[in-house]
Amino acid sequence: MSILIIEAFYGGSHKQLVDLLQEELEYCVLYTLPAKKWHWRARTSALYFSQNIPTSEHYRILFASSVLNLTELAALRPDLGKLKKILYFHENQLVYPVKKCQERDFQYGYNQILSCLVADVVVFNSVFNMESFLTSIGKFMKLIPDHRPKDLESIIRPKCQVIYFPIRFPDVSRLEAVYCGCYPLCPKDLVYPEIFPAEYLYSTPEQLSKRLQNFCKGPDIVRKHLYKGEIAPFSWAALHGKFRSLLTAEPREDL
(Lines give C-alpha, C1' and ligand atoms only; values in the text may rest on other atoms or scores of the structure.)
Protein backbone atom coordinates (compact mmCIF):
# COMPACT_ATOMS: atom_id res chain seq x y z
CA MET A 1 0.00 0.00 0.00
CA SER A 2 1.33 3.45 -0.93
CA ILE A 3 0.79 6.91 0.54
CA LEU A 4 0.46 9.50 -2.21
CA ILE A 5 1.73 12.88 -0.97
CA ILE A 6 0.98 15.95 -3.09
CA GLU A 7 2.50 19.34 -2.30
CA ALA A 8 1.56 22.16 -4.65
CA PHE A 9 3.87 24.63 -2.87
CA TYR A 10 7.07 22.72 -2.16
CA GLY A 11 8.93 25.15 0.09
CA GLY A 12 9.25 26.30 3.69
CA SER A 13 7.21 24.39 6.26
CA HIS A 14 5.25 22.67 3.47
CA LYS A 15 8.45 21.11 2.13
CA GLN A 16 9.80 20.29 5.57
CA LEU A 17 6.70 18.36 6.59
CA VAL A 18 6.33 16.23 3.46
CA ASP A 19 10.07 15.53 3.33
CA LEU A 20 9.90 14.35 6.93
CA LEU A 21 6.90 12.13 6.25
CA GLN A 22 8.59 10.59 3.23
CA GLU A 23 11.76 10.02 5.25
CA GLU A 24 10.10 8.53 8.32
CA LEU A 25 7.16 6.58 6.89
CA GLU A 26 7.24 3.63 4.53
CA TYR A 27 5.82 3.54 1.01
CA CYS A 28 5.40 7.28 0.45
CA VAL A 29 5.30 8.63 -3.10
CA LEU A 30 5.80 12.40 -3.39
CA TYR A 31 4.69 14.75 -6.21
CA THR A 32 5.42 18.47 -5.95
CA LEU A 33 5.49 21.85 -7.64
CA PRO A 34 8.10 24.52 -6.79
CA ALA A 35 7.26 27.11 -4.14
CA LYS A 36 6.60 29.96 -6.57
CA LYS A 37 3.52 32.06 -7.30
CA TRP A 38 1.29 30.41 -4.68
CA HIS A 39 -1.77 32.16 -6.14
CA TRP A 40 -1.32 30.23 -9.38
CA ARG A 41 -0.56 27.01 -7.52
CA ALA A 42 -3.88 27.39 -5.69
CA ARG A 43 -5.71 28.07 -8.94
CA THR A 44 -4.18 25.54 -11.32
CA SER A 45 -2.11 22.83 -9.61
CA ALA A 46 -4.97 20.30 -9.51
CA LEU A 47 -5.06 20.11 -13.30
CA TYR A 48 -1.28 19.74 -13.48
CA PHE A 49 -1.23 16.89 -10.97
CA SER A 50 -4.19 15.18 -12.62
CA GLN A 51 -2.10 14.90 -15.80
CA ASN A 52 1.24 14.05 -14.20
CA ILE A 53 0.49 11.53 -11.45
CA PRO A 54 0.45 8.03 -12.96
CA THR A 55 -2.42 5.74 -12.13
CA SER A 56 -1.62 3.02 -9.61
CA GLU A 57 -3.64 0.40 -7.83
CA HIS A 58 -1.29 0.61 -4.86
CA TYR A 59 -2.35 4.07 -3.66
CA ARG A 60 -4.53 3.93 -0.56
CA ILE A 61 -4.07 7.39 0.99
CA LEU A 62 -3.79 10.87 -0.49
CA PHE A 63 -2.14 13.52 1.72
CA ALA A 64 -2.04 17.14 0.50
CA SER A 65 -1.75 20.64 1.88
CA SER A 66 -4.64 23.06 1.53
CA VAL A 67 -2.91 24.92 -1.33
CA LEU A 68 -4.20 22.15 -3.59
CA ASN A 69 -7.79 22.35 -4.79
CA LEU A 70 -8.66 18.82 -3.70
CA THR A 71 -12.17 19.05 -5.14
CA GLU A 72 -10.88 19.64 -8.66
CA LEU A 73 -8.31 16.86 -8.40
CA ALA A 74 -10.89 14.35 -7.19
CA ALA A 75 -13.20 15.28 -10.06
CA LEU A 76 -10.46 15.14 -12.68
CA ARG A 77 -9.04 11.88 -11.33
CA PRO A 78 -11.83 9.67 -9.96
CA ASP A 79 -9.25 7.01 -9.08
CA LEU A 80 -7.62 9.45 -6.64
CA GLY A 81 -11.00 10.63 -5.41
CA LYS A 82 -11.68 7.13 -4.07
CA LEU A 83 -8.66 7.22 -1.75
CA LYS A 84 -8.68 8.22 1.90
CA LYS A 85 -8.09 11.95 1.40
CA ILE A 86 -6.26 13.94 4.10
CA LEU A 87 -6.01 17.72 3.86
CA TYR A 88 -3.39 19.52 5.98
CA PHE A 89 -3.68 23.24 6.80
CA HIS A 90 -0.44 25.13 7.44
CA GLU A 91 -2.49 28.34 7.18
CA ASN A 92 -6.01 29.21 6.07
CA GLN A 93 -7.27 31.77 3.60
CA LEU A 94 -10.30 32.84 5.63
CA VAL A 95 -8.19 34.79 8.12
CA TYR A 96 -4.79 35.02 6.41
CA PRO A 97 -3.66 38.64 6.89
CA VAL A 98 -4.49 41.13 4.14
CA LYS A 99 -4.24 44.91 4.28
CA LYS A 100 -7.90 45.45 3.50
CA CYS A 101 -10.87 43.08 3.48
CA GLN A 102 -11.55 44.08 -0.13
CA GLU A 103 -8.16 42.61 -1.08
CA ARG A 104 -9.07 39.09 0.07
CA ASP A 105 -9.71 36.95 -3.00
CA PHE A 106 -12.91 35.03 -2.31
CA GLN A 107 -11.90 32.10 -4.50
CA TYR A 108 -8.96 30.95 -2.36
CA GLY A 109 -11.00 30.57 0.81
CA TYR A 110 -13.92 29.11 -1.11
CA ASN A 111 -11.64 26.48 -2.65
CA GLN A 112 -10.38 25.50 0.81
CA ILE A 113 -13.94 25.09 2.07
CA LEU A 114 -14.79 22.88 -0.92
CA SER A 115 -11.62 20.86 -0.35
CA CYS A 116 -12.68 20.26 3.26
CA LEU A 117 -16.06 18.99 2.10
CA VAL A 118 -14.35 16.47 -0.21
CA ALA A 119 -11.64 15.41 2.26
CA ASP A 120 -12.11 12.48 4.63
CA VAL A 121 -9.89 14.02 7.30
CA VAL A 122 -8.94 17.69 7.76
CA VAL A 123 -5.85 18.39 9.86
CA PHE A 124 -4.69 21.75 11.22
CA ASN A 125 -1.30 22.66 12.66
CA SER A 126 -2.82 24.41 15.69
CA VAL A 127 -6.08 24.90 17.57
CA PHE A 128 -5.99 28.57 16.60
CA ASN A 129 -5.73 27.72 12.91
CA MET A 130 -8.59 25.23 13.12
CA GLU A 131 -10.98 27.39 15.14
CA SER A 132 -10.27 30.56 13.17
CA PHE A 133 -11.09 28.70 9.97
CA LEU A 134 -14.20 26.90 11.17
CA THR A 135 -15.76 29.87 12.96
CA SER A 136 -15.13 32.13 9.95
CA ILE A 137 -16.94 29.95 7.43
CA GLY A 138 -20.41 31.37 8.13
CA LYS A 139 -19.33 35.01 7.86
CA PHE A 140 -17.21 34.26 4.81
CA MET A 141 -20.07 32.61 2.93
CA LYS A 142 -22.25 35.68 3.51
CA LEU A 143 -20.17 37.37 0.82
CA ILE A 144 -22.18 35.30 -1.67
CA PRO A 145 -25.04 37.61 -2.74
CA ASP A 146 -27.77 34.96 -2.72
CA HIS A 147 -28.44 31.20 -2.65
CA ARG A 148 -25.86 30.68 0.06
CA PRO A 149 -25.01 27.15 1.24
CA LYS A 150 -25.86 26.39 4.86
CA ASP A 151 -24.42 24.50 7.83
CA LEU A 152 -20.97 24.09 6.33
CA GLU A 153 -19.18 24.43 9.66
CA SER A 154 -21.25 21.64 11.19
CA ILE A 155 -20.49 19.41 8.19
CA ILE A 156 -16.74 20.05 8.21
CA ARG A 157 -16.01 20.21 11.96
CA PRO A 158 -16.46 16.47 12.68
CA LYS A 159 -13.68 15.72 10.18
CA CYS A 160 -11.22 18.09 11.82
CA GLN A 161 -8.33 17.46 14.19
CA VAL A 162 -5.10 19.15 15.26
CA ILE A 163 -1.66 17.64 14.73
CA TYR A 164 1.05 20.19 15.39
CA PHE A 165 3.84 20.91 12.96
CA PRO A 166 6.79 18.92 14.36
CA ILE A 167 9.82 20.72 15.79
CA ARG A 168 12.78 19.23 14.07
CA PHE A 169 14.08 21.91 11.75
CA PRO A 170 16.77 24.61 12.24
CA ASP A 171 14.58 27.39 10.88
CA VAL A 172 11.86 26.78 13.45
CA SER A 173 14.12 29.17 15.28
CA ARG A 174 11.86 30.55 17.97
CA LEU A 175 10.78 27.20 19.36
CA GLU A 176 14.24 25.71 19.17
CA ALA A 177 15.69 28.79 20.92
CA VAL A 178 13.18 28.34 23.74
CA TYR A 179 14.05 24.66 23.91
CA CYS A 180 17.69 25.72 24.45
CA GLY A 181 16.76 28.10 27.27
CA CYS A 182 16.09 31.46 25.59
CA TYR A 183 13.36 33.81 26.84
CA PRO A 184 10.64 34.21 24.18
CA LEU A 185 9.17 37.65 23.49
CA CYS A 186 6.69 37.40 20.64
CA PRO A 187 4.18 39.58 18.76
CA LYS A 188 0.73 38.49 19.91
CA ASP A 189 -0.79 38.32 16.42
CA LEU A 190 1.98 36.14 14.97
CA VAL A 191 2.16 33.20 17.38
CA TYR A 192 -0.27 30.57 18.59
CA PRO A 193 -1.43 30.94 22.21
CA GLU A 194 -1.21 27.20 22.90
CA ILE A 195 2.57 27.49 22.39
CA PHE A 196 3.38 30.83 24.05
CA PRO A 197 1.43 31.96 27.16
CA ALA A 198 0.33 35.58 27.53
CA GLU A 199 3.33 36.66 29.61
CA TYR A 200 5.60 36.16 26.59
CA LEU A 201 3.53 38.29 24.22
CA TYR A 202 3.31 41.97 23.28
CA SER A 203 0.75 43.79 21.15
CA THR A 204 2.35 47.15 20.27
CA PRO A 205 5.86 48.54 19.63
CA GLU A 206 5.50 50.53 22.84
CA GLN A 207 4.88 47.37 24.85
CA LEU A 208 7.92 45.73 23.25
CA SER A 209 10.10 48.73 24.08
CA LYS A 210 8.94 48.74 27.69
CA ARG A 211 9.62 45.02 28.08
CA LEU A 212 13.11 45.38 26.63
CA GLN A 213 13.85 48.31 28.93
CA ASN A 214 12.82 46.21 31.92
CA PHE A 215 15.12 43.42 30.78
CA CYS A 216 18.04 45.87 30.50
CA LYS A 217 17.37 47.16 34.01
CA GLY A 218 16.98 43.67 35.44
CA PRO A 219 18.82 41.14 33.25
CA ASP A 220 18.27 38.36 35.79
CA ILE A 221 14.61 38.39 34.73
CA VAL A 222 15.81 36.68 31.56
CA ARG A 223 18.90 34.87 32.80
CA LYS A 224 17.17 33.00 35.60
CA HIS A 225 13.82 32.53 33.91
CA LEU A 226 12.41 29.06 33.36
CA TYR A 227 10.05 28.81 30.42
CA LYS A 228 6.52 28.03 31.60
CA GLY A 229 5.12 26.65 28.37
CA GLU A 230 5.33 23.14 26.96
CA ILE A 231 7.68 22.32 24.08
CA ALA A 232 7.64 18.52 24.26
CA PRO A 233 4.18 18.09 22.63
CA PHE A 234 5.53 19.73 19.47
CA SER A 235 8.52 17.42 19.05
CA TRP A 236 8.67 14.80 16.29
CA ALA A 237 9.05 12.15 18.98
CA ALA A 238 5.64 13.12 20.38
CA LEU A 239 3.96 13.56 17.00
CA HIS A 240 5.40 10.62 15.09
CA GLY A 241 2.72 8.19 16.24
CA LYS A 242 -0.09 10.63 15.40
CA PHE A 243 1.12 11.09 11.83
CA ARG A 244 1.64 7.35 11.41
CA SER A 245 -1.88 6.65 12.67
CA LEU A 246 -3.29 9.37 10.42
CA LEU A 247 -1.60 7.88 7.38
CA THR A 248 -2.82 4.34 7.98
CA ALA A 249 -5.43 3.35 5.45
CA GLU A 250 -8.55 1.46 6.34
CA PRO A 251 -9.55 -1.17 3.78
CA ARG A 252 -12.00 0.16 1.18
CA GLU A 253 -14.64 -2.16 -0.25
CA ASP A 254 -14.75 -0.22 -3.51
CA LEU A 255 -11.01 -0.71 -4.26
Side-chain angles (χ1 to χ4, degrees), residues 3-22 28-53 62-77 80-81 85-119 121-126 128-134 136-137 139-141 143 152 156 160 162-166 168-175 187 189-192 243:
I3 301 168
L4 174 62
I5 301 178
I6 301 175
E7 181 48 70
F9 194 79
Y10 188 56
S13 62
H14 294 236
K15 179 181 186 300
Q16 291 165 352
L17 179 59
V18 296
D19 283 353
L20 178 61
L21 294 179
Q22 189 177 38
C28 291
V29 181
L30 177 61
Y31 288 90
T32 68
L33 280 170
K36 299 178 181 178
K37 305 181 186 301
W38 75 264
H39 302 83
W40 285 105
R41 298 291 186 251
R43 291 185 180 111
T44 66
S45 61
L47 178 57
Y48 171 84
F49 286 122
S50 74
Q51 294 182 333
N52 287 276
I53 296 176
L62 191 163
F63 180 94
S65 76
S66 60
V67 175
L68 176 72
N69 189 327
L70 188 58
T71 307
E72 290 183 349
L73 182 65
L76 291 166
R77 285 287 300 273
L80 301 182
K85 298 175 291 298
I86 302 168
L87 191 69
Y88 191 90
F89 276 76
H90 293 264
E91 62 282 313
N92 77 77
Q93 292 301 317
L94 301 193
V95 298
Y96 196 83
V98 292
K99 292 181 179 179
K100 298 179 182 179
C101 182
Q102 296 91 325
E103 296 177 359
R104 188 181 301 281
D105 191 313
F106 177 83
Q107 196 64 41
Y108 301 131
Y110 183 69
N111 287 352
Q112 288 188 333
I113 292 171
L114 291 180
S115 293
C116 288
L117 293 171
V118 169
V121 183
V122 183
V123 184
F124 293 84
N125 64 351
S126 73
F128 175 87
N129 197 13
M130 181 177 73
E131 290 299 329
S132 66
F133 180 81
L134 291 172
S136 296
I137 291 175
K139 180 180 178 181
F140 183 80
M141 298 306 285
L143 294 172
L152 296 183
I156 294 171
C160 296
V162 173
I163 301 182
Y164 297 113
F165 181 84
R168 190 187 162 180
F169 309 105
D171 60 343
V172 188
S173 55
R174 185 180 291 128
L175 286 174
D189 292 338
L190 296 179
V191 297
Y192 297 132
F243 276 103

Derivation of the side-chain contact (heavy atoms from CB on, under 4.5 Å) call for Leu4 and Phe63: CA-CA 6 Å; Leu4 174 62; Phe63 180 94; over 6 Å; no

When you measure from the side chain of Tyr88 to the backbone of Ile163, do you find a donor-acceptor pair of N or O atoms at a distance under 3.5 Å? yes

Audit row: Glu7, Ser65, side-chain hydrogen bond (donor to acceptor under 3.5 Å, both in side chains) steps and yes/no: CA-CA 6 Å; Glu7 181 48 70; Ser65 76; 3.0 Å; yes

Non-hydrogen atoms of Phe165 and Gln16 that approach each other most closely: CZ-OE1, 3.4 Å

Supply the atom-to-atom distance Asn92 CG to Asn129 CG, rounded to the nearest 0.5 angstrom. 5.0 Å

Value rounded to 0.5 Å, distance of OG in Ser126 from CZ in Phe89: 12.0 Å

Minimum heavy-atom distance Val123-Ile86, with the two atoms named: CG2-CG2, 4.0 Å

Heavy-atom closest contact (Phe133 atom, Cys116 atom, distance): CE2-SG, 3.8 Å

Smallest separation among heavy atoms of Ser136 and Ser132, with atom names: OG-O, 2.6 Å

Minimum-distance pair of heavy atoms, taken over all atoms of Met130 and Cys160: SD-CB, 3.7 Å

Scan Val67, Leu33, Leu68 and name whichever one has a side chain to side chain contact (heavy atoms under 4.5 Å, CB included) with Phe9. Val67

Is atom OH of Tyr31 surrounded by more than 12 heavy atoms (other residues, nucleotides or ligands) closer than 6.0 Å? yes

Classify the angle between the aromatic ring planes of His14 and His90 as parallel (below 30°), tilted (30 to 60°) or perpendicular (above 60°). parallel

Got Tyr10 and Leu30 here, is their nearest side-chain heavy-atom distance under 4.5 Å? yes

With rounding to the nearest 0.5 angstrom, report the CD1 to SG distance, Ile3 to Cys28. 4.0 Å

Below 4.5 Å, heavy atoms only, C-beta onward: do Ile6 and Ile53 meet side chain to side chain? yes

Passes side-chain contact (heavy atoms from CB on, under 4.5 Å), Trp38 versus Tyr108? Steps please. CA-CA 11 Å; Trp38 75 264; Tyr108 301 131; 3.9 Å; yes

Aromatic plane relationship, Phe106 with Phe140 - under 30° parallel, 30 to 60° tilted, over 60° perpendicular: parallel

Kindly confirm or rule out a cation-pi arrangement of Arg43 over Trp40, judged by NZ or CZ under 6.0 Å from the six-membered ring centre and within 45° of its axis? yes

Quick one: pull up OG in Ser45 and CD in Glu72 and give me the separation to the nearest 0.5 Å. 8.0 Å

What distance do Leu62 atom CG and Lys85 atom NZ have between them, rounded to the nearest 0.5 Å? 8.0 Å

According to side-chain contact (heavy atoms from CB on, under 4.5 Å), who are the partners of Leu47, at least two apart in sequence or on a separate chain? Ser50, Gln51, Leu76

I'd like to know whether Leu152 forms a side-chain contact (heavy atoms from CB on, under 4.5 Å) with Leu117, so could you lay out the CA-CA distance, the side-chain angles of the two residues, the decisive distance to 0.1 Å, and finally the verdict. CA-CA 8 Å; Leu152 296 183; Leu117 293 171; 4.3 Å; yes

Rounded to the nearest 0.5 Å, what separates atom CG in Leu17 from atom CD in Gln22? 11.5 Å

side-chain contact (heavy atoms from CB on, under 4.5 Å) between Tyr164 and Phe124, intermediate numbers included: CA-CA 7 Å; Tyr164 297 113; Phe124 293 84; over 6 Å; no

Please give me the minimum heavy-atom distance between Ile113 and Ile137, naming the atom from each residue. CD1-CG2, 4.2 Å

Side-chain heavy-atom pair Tyr48, Arg41 within 4.5 angstrom cut-off: no

